[in-house]
2 protein chains.
Amino acid sequence: MNLELEFLGTADARRVPVYGCRCRACERARNDPRYVRRPCSALIRAEGYQMMLDAGRTDLCETFAPGTIQSVLVTHYHMDHVMGLFHLRWGAGHTLPVHGPDDPDGCDDLYKHPGILQFQPPLAPFVPTDIGPFTVTPLPLNHSKPTLGYGIEYRGIRLAYLTDTVGLPDPTTAWLQQSPLALMVLDCSVPPKPNPPRNHNDLNLALALAEQIRPEKTLLTHLGHQLDDYLMSAPELPDGVEVAFDGRVVELGS
Amino acid sequence: MNLELEFLGTADARRVPVYGCRCRACERARNDPRYVRRPCSALIRAEGYQMMLDAGRTDLCETFAPGTIQSVLVTHYHMDHVMGLFHLRWGAGHTLPVHGPDDPDGCDDLYKHPGILQFQPPLAPFVPTDIGPFTVTPLPLNHSKPTLGYGIEYRGIRLAYLTDTVGLPDPTTAWLQQSPLALMVLDCSVPPKPNPPRNHNDLNLALALAEQIRPEKTLLTHLGHQLDDYLMSAPELPDGVEVAFDGRVVELGS
Ligand SMILES: [Mn+2]
Ligand SMILES: [Mn+2]
Ligand SMILES: [Mn+2]
Ligand SMILES: [Mn+2]
Ligand SMILES: [Zn+2]
Ligand SMILES: [Zn+2]
């Protein structure tokens, strides 16, 4: 039985290409759809159960038949991570459970008019919760809104999905180090900066975290166009660290 | 010199087809893209100037090359009318003026992080303002958030764009009656109801307003799937009243 993660989107809030930008990375994405980055989100699946991690894409209703996504796990209520919920909510004939952090504001009127979304009680940091076949452990992150990363375990296979964040709170790092991780998906939004940015990892911070936590594989996500541009002429990333692209599927387990 | 209005979207917040709905109208839209209704919005153009009325569509960056829309005129800050601004704002290399009602809340963090959007001073009811080649007169509407309809004049041709609203405030009706209207675009969201709905016109209210204001032509917009379903077996609409569809272009003037 396998655990799969599929990247539905790997961009920062501006997406790639950036509207009107003529940089190398944006032009590359315009010329070759493999380099387009949509809002940062992913599917986790096992045993036919699909859990969506964030819902920033606005084509979800057209892409997924009703009932083929069994639950949504939200990292935080920034628009680039939840915009698709504003479409999903007005569906008919089925319901969709949404799990997420304790954020009383949520996003705009989502809580007031949930439609078919069933907002579940907020997840508590470090308290494992079963969602479908997965055991999900919420991991606090450092961001400008209440934000949770997630440890996800399925039949002894462990992955972590960590965005949006700058660095990691110590207790989160400690949790990640306590048993082997097959995969770490990590916020890496901008190229190396003299001073780390406020709400997201630059490449220096992301590589330092990979070194510190030592998962089998690290995939960087939430990339901005400037990081793509930088990587087009940068030295190779360290062993075990790669950049994610939209549509990539990672299979974990036997 | 002509004035043109193009419907970019004619749906209520749920859109047509509704995700997962099996009603006749939703199935028709699934089988024939001419019946798909996207978020309620329009383009007004003259002399090569394009003003967008509301920005609920999420494919605006892919549909309009940077600089081809010269300004945005927002009726109100409900998500189905402004969602596309969350993409447009992160553009590069140009700016985009946004005019709208006096709504201190706006929508989520749009005011806080406007990016390339240049929010203009709020428009004052009944005070005509020049935007590009148009004279725009803000007309208060009845809705659950501060909402303005607009009278738009170009070389003596007058049209009105009135959504979202239930009925009309008396001063707005008086303004609309004071000189001939070539076109009235009007909120009509639901089929005839025993009790008019709270925030939108049903068909009864919309037809009564057309009768009272007597524009040359009335086009109904902001339609929900139930109204489409109703119209599939309803008697014809009165002379001069029609239902709008996405992509329809109305030419006004000589
Ligand atoms: Mn983000
Ligand atoms: Mn964020
Ligand atoms: Mn609306
Ligand atoms: Mn509205
Ligand atoms: Zn760029
Ligand atoms: Zn329907």
Side-chain angles (χ1 to χ4, degrees), chain A residues 11-23 26 30 33 36 38-39 56-69 77-96 105-110 112-113 115-117 144-145 199 224-226, chain B residues 11-23 26 30 33 36 38-39 56-69 77-96 105-110 112-113 115-117 144-145 199 224-226:
Chain A
D12 73 351
R14 299 185 72 180
R15 305 183 298 172
V16 182
V18 167
Y19 187 51
C21 180
R22 294 283 161 209
C23 83
C26 289
R30 262 179 221 109
V36 166
R38 291 169 290 185
R57 272 177 50 173
T58 56
D59 60 348
L60 298 174
C61 296
E62 292 73 30
T63 306
F64 298 102
T68 57
I69 304 287
Y77 287 91
H78 273 156
M79 195 58 81
D80 56 318
H81 296 257
V82 296
M83 195 182 279
L85 294 181
F86 289 91
H87 301 125
L88 290 173
R89 68 174 168 177
W90 296 132
H94 67 295
T95 57
L96 185 57
D105 295 332
C107 184
D108 196 57
D109 62 359
L110 270 185
K112 190 175 166 198
H113 300 296
I116 65 162
L117 305 178
S144 54
K145 231 182 171 350
N199 294 312
H225 67 140
Q226 290 178 339
Chain B
D12 72 352
R14 298 185 73 179
R15 307 183 296 170
V16 181
V18 166
Y19 187 51
C21 180
R22 294 283 161 209
C23 82
C26 289
R30 262 179 221 110
V36 166
R38 290 170 290 185
R57 270 177 51 172
T58 56
D59 60 349
L60 297 173
C61 297
E62 292 73 30
T63 307
F64 298 102
T68 56
I69 305 287
Y77 287 90
H78 272 155
M79 196 58 80
D80 55 318
H81 295 258
V82 296
M83 195 182 280
L85 294 181
F86 289 90
H87 301 126
L88 290 173
R89 67 174 168 177
W90 297 130
H94 67 294
T95 57
L96 185 57
D105 295 331
C107 182
D108 196 55
D109 62 359
L110 270 184
K112 190 176 167 197
H113 300 296
I116 65 164
L117 306 177
S144 54
K145 231 182 174 345
N199 295 312
H225 67 141
Q226 290 178 338

Chain B contacts, top residue of Ala65(A), Pro39(A), Cys26(A), Pro66(A) (heavy-atom pairs, under 4.5 Å): Pro66(A)
Verdict with supporting geometry, His87(A) and Leu60(A), side chain to side chain contact (heavy atoms under 4.5 Å, CB included): CA-CA 8 Å; His87(A) 301 125; Leu60(A) 298 174; over 6 Å; no
List the atom pairs, donor and acceptor, that lie under 3.5 Å between side-chain atoms in residues 15-22 of chain B and the rest of the protein, sequence neighbours left out.
from: Tyr19(B); atom 1: OH; to: Phe64(A); atom 2: O; distance (Å): 2.6
from: Arg22(B); atom 1: NH1; to: Glu27(B); atom 2: OE1; distance (Å): 3.4
from: Arg22(B); atom 1: NH1; to: Glu27(B); atom 2: OE2; distance (Å): 2.9

Stepwise side chain to side chain contact (heavy atoms under 4.5 Å, CB included) test for Phe86(A) and Asp109(A): CA-CA 9 Å; Phe86(A) 289 91; Asp109(A) 62 359; 3.7 Å; yes
Partner chain B: residue of His78(A), His94(A), Met83(A) with the largest heavy-atom pair count (under 4.5 Å): Met83(A)
Which residues share a salt bridge (Lys or Arg N to Asp or Glu O under 4.0 Å) with Asp59(B), sequence neighbours left out: Arg57(B)
Portion of Ala13(B) that has a non-hydrogen atom of chain A nearer than 4.5 angstrom: both
